[in-house]
Amino acid sequence: MIYYEKYGEDSPGVIMFLHDMNFVHCFTKQCAYFARKCEVIVPHIPGFGRNCEVTFSVDLAVEQISELARSLKKPITLIGFSLGAELCIPLICKHGDLFNGVIMISPWLIKEMDEIEAVMKQQADNEKSMRKGDLGGSVGLSKMEKQEHKEFCKNVTMKSILASIDNGLQIADYPEFSEVTKPMMAICGLKESLSVRKSTRELARLNQGCTYDMWDGAVHNIPYKFASRLNKTIEDFILQLQL
């Protein structure tokens with residue numbers, strides 16, 4: 001079974017957060033906020049965090065996350081950021097019965113090979129810096145979370161990092177997405193890359209049940225830099241699911 005963290009008390013519904021590549025704690029401000037209201041689940045995507053003994057692959061991640069979701073036996077609101085947002089697509093397309101709604105933050109689902117190669121080179125070139133696991137105080141991690149992040153950065157393999165970038169997840173490969181009937185929302189920053197902004201708009205174009213929004217001033221940092229706004233957005237989304 002996939003390793004996961006649980007916050008809050010048992011409740012009729014669950015929020016499941018899927019983290020960014022190699023940043024298990026990216027939703028720390030959402031976890032603290034929503035744990036006061038409901039049950040929160042944060043799987044460590046295979047290849048990262050406490051699941052770093054395996055190499056990342058989309059198939060393995062979807063298999064283990066869907067197994068966890070099914071074991072909860074509760075309605076789940078699925079929320080992903082970056083890599084986590086990309087994984088929302090195969091999850092909602094192949095296991096839509098497990099989720100009552102999805103929010104995808106900064107999805108990268110329209111990719112050109114030269115862009116993939118550039119990001120992979122950037123990660124490889126910055127491996128030494130990445131291994132230090134340094135994060136600015138503005139991210140809002142606790143002392144324990146900072147220490148955990150350092151541990152995760154020390155143990156993660158470059159194979160998993162590179163595989164998560166060159167992961168084959170393209171929205172064009174999921175024609176069934178247009179038939180998904182669950183409420184969905186795509187969000188990104190207006191200062192993010194063109195491909196992320198294109199991906200966000202394309203999700204809404206392909207499925208009439210998917211809305212989208214682009215936040216002024218945001219880059220690839222919405223969960224921790226725009227935490228209050230995101231928390232309110234999630235609350236409003238869940239409220240609409242309950243109507």
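Reckoned from all heavy atoms, side chains included, excluding hydrogens, waters and symmetry mates.
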Evaluate Trp108 against Leu169 for side-chain contact (heavy atoms from CB on, under 4.5 Å), listing each step before the verdict. CA-CA 8 Å; Trp108 184 28; Leu169 278 168; over 6 Å; no
Carefully, step by step, assess Glu202 and Arg205 under the rule salt bridge (charged side-chain N to carboxylate O under 4.0 Å, His left out). CA-CA 5 Å; Glu202 184 68 0; Arg205 187 190 72 80; 2.7 Å; yes
Applying side-chain contact (heavy atoms from CB on, under 4.5 Å), run through Leu18 and Ile79 and close with a yes or a no. CA-CA 6 Å; Leu18 299 183; Ile79 302 171; over 6 Å; no
Could you check Glu112 against Ser195 for side-chain hydrogen bond (donor to acceptor under 3.5 Å, both in side chains), going step by step and ending with a plain yes or no? CA-CA 9 Å; Glu112 300 295 338; Ser195 54; over 6 Å; no
Using the ring-ring contact (aromatic ring centres under 6.0 Å, His included) rule, take Phe81 and His19 through it: C-alpha gap first, then chi angles, then the decisive distance, then the call. CA-CA 6 Å; Phe81 173 52; His19 60 79; over 10 Å; no
Stepwise side-chain contact (heavy atoms from CB on, under 4.5 Å) test for Arg197 and Leu194: CA-CA 5 Å; Arg197 284 179 280 136; Leu194 178 60; 3.9 Å; yes
Given Glu115 and Ser193, is the side-chain contact (heavy atoms from CB on, under 4.5 Å) satisfied, shown in steps? CA-CA 10 Å; Glu115 187 176 14; Ser193 69; 4.2 Å; yes
Should Glu39 and Tyr7 be marked as a side-chain hydrogen bond (donor to acceptor under 3.5 Å, both in side chains) after you check the CA-CA gap, both sets of side-chain angles, and the distance that decides it? CA-CA 6 Å; Glu39 185 178 347; Tyr7 303 92; over 6 Å; no
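Taken together through direct or relayed side-chain contacts under 4.5 Å among Ile, Leu, Val, Met, Phe, Trp and Tyr, Phe237 and Ile41 form parts of separate hydrophobic clusters. A chain of hydrophobic side-chain contacts below 4.5 Å, direct or via other Ile, Leu, Val, Met, Phe, Trp or Tyr residues, connects Val58 to Ile89. Following chains of ILVMFWY side-chain contacts shorter than 4.5 Å, one cannot reach Met1 starting from Leu60, and the two form parts of different hydrophobic clusters. Under the 4.5 Å side-chain heavy-atom criterion for Ile, Leu, Val, Met, Phe, Trp and Tyr, Ile2 and Phe99 are members of the same hydrophobic cluster. In terms of hydrophobic clustering, with Ile, Leu, Val, Met, Phe, Trp and Tyr side chains grouped at heavy-atom distances under 4.5 Å, Leu68 and Val42 are assigned to different clusters.
Other residues, nucleotides and ligands contribute at most 12 non-hydrogen atoms within 6.0 Å of the OH atom of Tyr4. Counting non-hydrogen atoms of other residues, nucleotides and ligands closer than 6.0 Å to CD of Glu9 gives a total of 12 or fewer. Remark: Asp216 CG is loosely packed, at most 12 non-hydrogen atoms of other residues, nucleotides or ligands lying under 6.0 Å away. Counting heavy atoms of neighbouring residues, nucleotides and ligands inside a 6.0 Å radius, atom NZ of Lys74 exceeds 12 of them.
Taking the charged nitrogens against the carboxylate oxygens, Lys111 and Asp166 have no contact shorter than 4.0 Å, which rules out a salt bridge. Ion pairing of Asp213 with Arg201 is absent here, as no side-chain N (NZ or NE/NH1/NH2) approaches a carboxylate O to less than 4.0 Å. Glu5 and Arg50 are not joined by a salt bridge, as no carboxylate oxygen comes within less than 4.0 angstrom of a charged side-chain nitrogen. Under 4.0 Å is where a charged nitrogen must lie from a carboxylate oxygen, and between Lys150 and Asp134 at least one such pair does. Of the charged side-chain nitrogens involved, none lies within less than 4.0 Å of a carboxylate oxygen, so that Lys94 and Glu63 do not count as a salt-bridged pair. Under the 4.0 Å criterion applied to side-chain N and carboxylate O atoms, Lys121 and Glu117 are not assigned as salt-bridge partners.
Taken to the nearest 0.5 Å, the CD1 atom of Ile92 stands 12.0 Å off from the OG atom of Ser66. Here Lys146 contributes atom NZ and Leu141 contributes atom CG; the two are 7.0 Å apart, rounded to the nearest 0.5 Å. A distance of 7.0 Å separates CD1 of Ile103 from CD1 of Ile238, quoted to the nearest 0.5 Å. Distance CE/Met16 to CG/Leu72: 5.0 Å, rounded to 0.5 Å. Taking SG from Cys52 and CD1 from Ile161, the interatomic distance works out to 10.5 Å, rounded to the nearest 0.5 Å. A distance of 8.5 Å separates CG of Asp20 from OG of Ser164, quoted to the nearest 0.5 Å.
Looking at heavy atoms from C-beta onward, Ile165 lies in side-chain contact with Gln123 at the 4.5 angstrom threshold. With contacts defined as side-chain heavy-atom distances shorter than 4.5 Å, the pair Val219/Lys225 does not qualify. Annotation: side chain of Trp215 is in contact with side chain of Leu230 (closest heavy-atom distance under 4.5 Å). Proximity of Asn155 to Glu53: side-chain heavy atoms (C-beta onward) are nowhere separated by under 4.5 Å. Using a 4.5 Å cut-off on side-chain heavy atoms (C-beta onward), Asp97 and Arg70 make contact. Here the side chains of Met185 and Leu203 are not in contact, with every heavy-atom distance at 4.5 Å or above. Using a 4.5 Å cut-off on side-chain heavy atoms (C-beta onward), Thr211 and Met184 make no contact. Thr200 is not listed as a side-chain neighbour of Met104, based on a closest heavy-atom distance of 4.5 Å or more.
In this structure, the side chain of Glu192 engages the main chain of Gly189 through a donor-acceptor pair within 3.5 Å. Between the side chain of Ser178 and the backbone N or O of Asn207, no donor-acceptor pair lies under 3.5 Å. Between the side chain of Arg131 and the backbone N or O of Cys153 there is at least one donor-acceptor pair closer than 3.5 Å. For Asn126 (side chain) and Gln122 (main-chain N/O), a donor-acceptor pair under 3.5 Å exists by modelled atom type. Using a distance-only test at 3.5 Å, with no hydrogens or angles considered, no donor-acceptor pair links the side chain of Asp236 to the main chain of Ile234. Side chain of Asn51 to backbone of Ile45: no donor-acceptor contact under 3.5 angstrom is found.
Note on ring orientation: taking the six-membered ring where Trp is involved, the planes of Phe34 and Phe17 are tilted (angle from 30° to 60°). The aromatic rings of Phe48 and Phe56 are tilted relative to each other, their planes meeting at an angle between 30° and 60°.
Side-chain polar atoms of Glu145 and His25 form no donor-acceptor pair below 3.5 angstrom.
In plain terms, the two heavy atoms of Ile76 and Leu98 that are nearest each other are CB-O, 3.7 Å. The shortest non-hydrogen separation linking Pro223 to Lys29 is O-CB, 4.4 Å. Summarising the geometry of Cys38 relative to Gly13, their closest heavy-atom pair is CB-O, 4.4 Å, with the distance given to 0.1 Å. Residues Val54 and Ser160 approach most closely at O-OG, 3.5 Å, considering heavy atoms. In terms of heavy atoms, Asn100 sits closest to Pro75 at ND2-CB, 3.6 Å. In terms of heavy atoms, Ser82 sits closest to His220 at OG-NE2, 2.9 Å.
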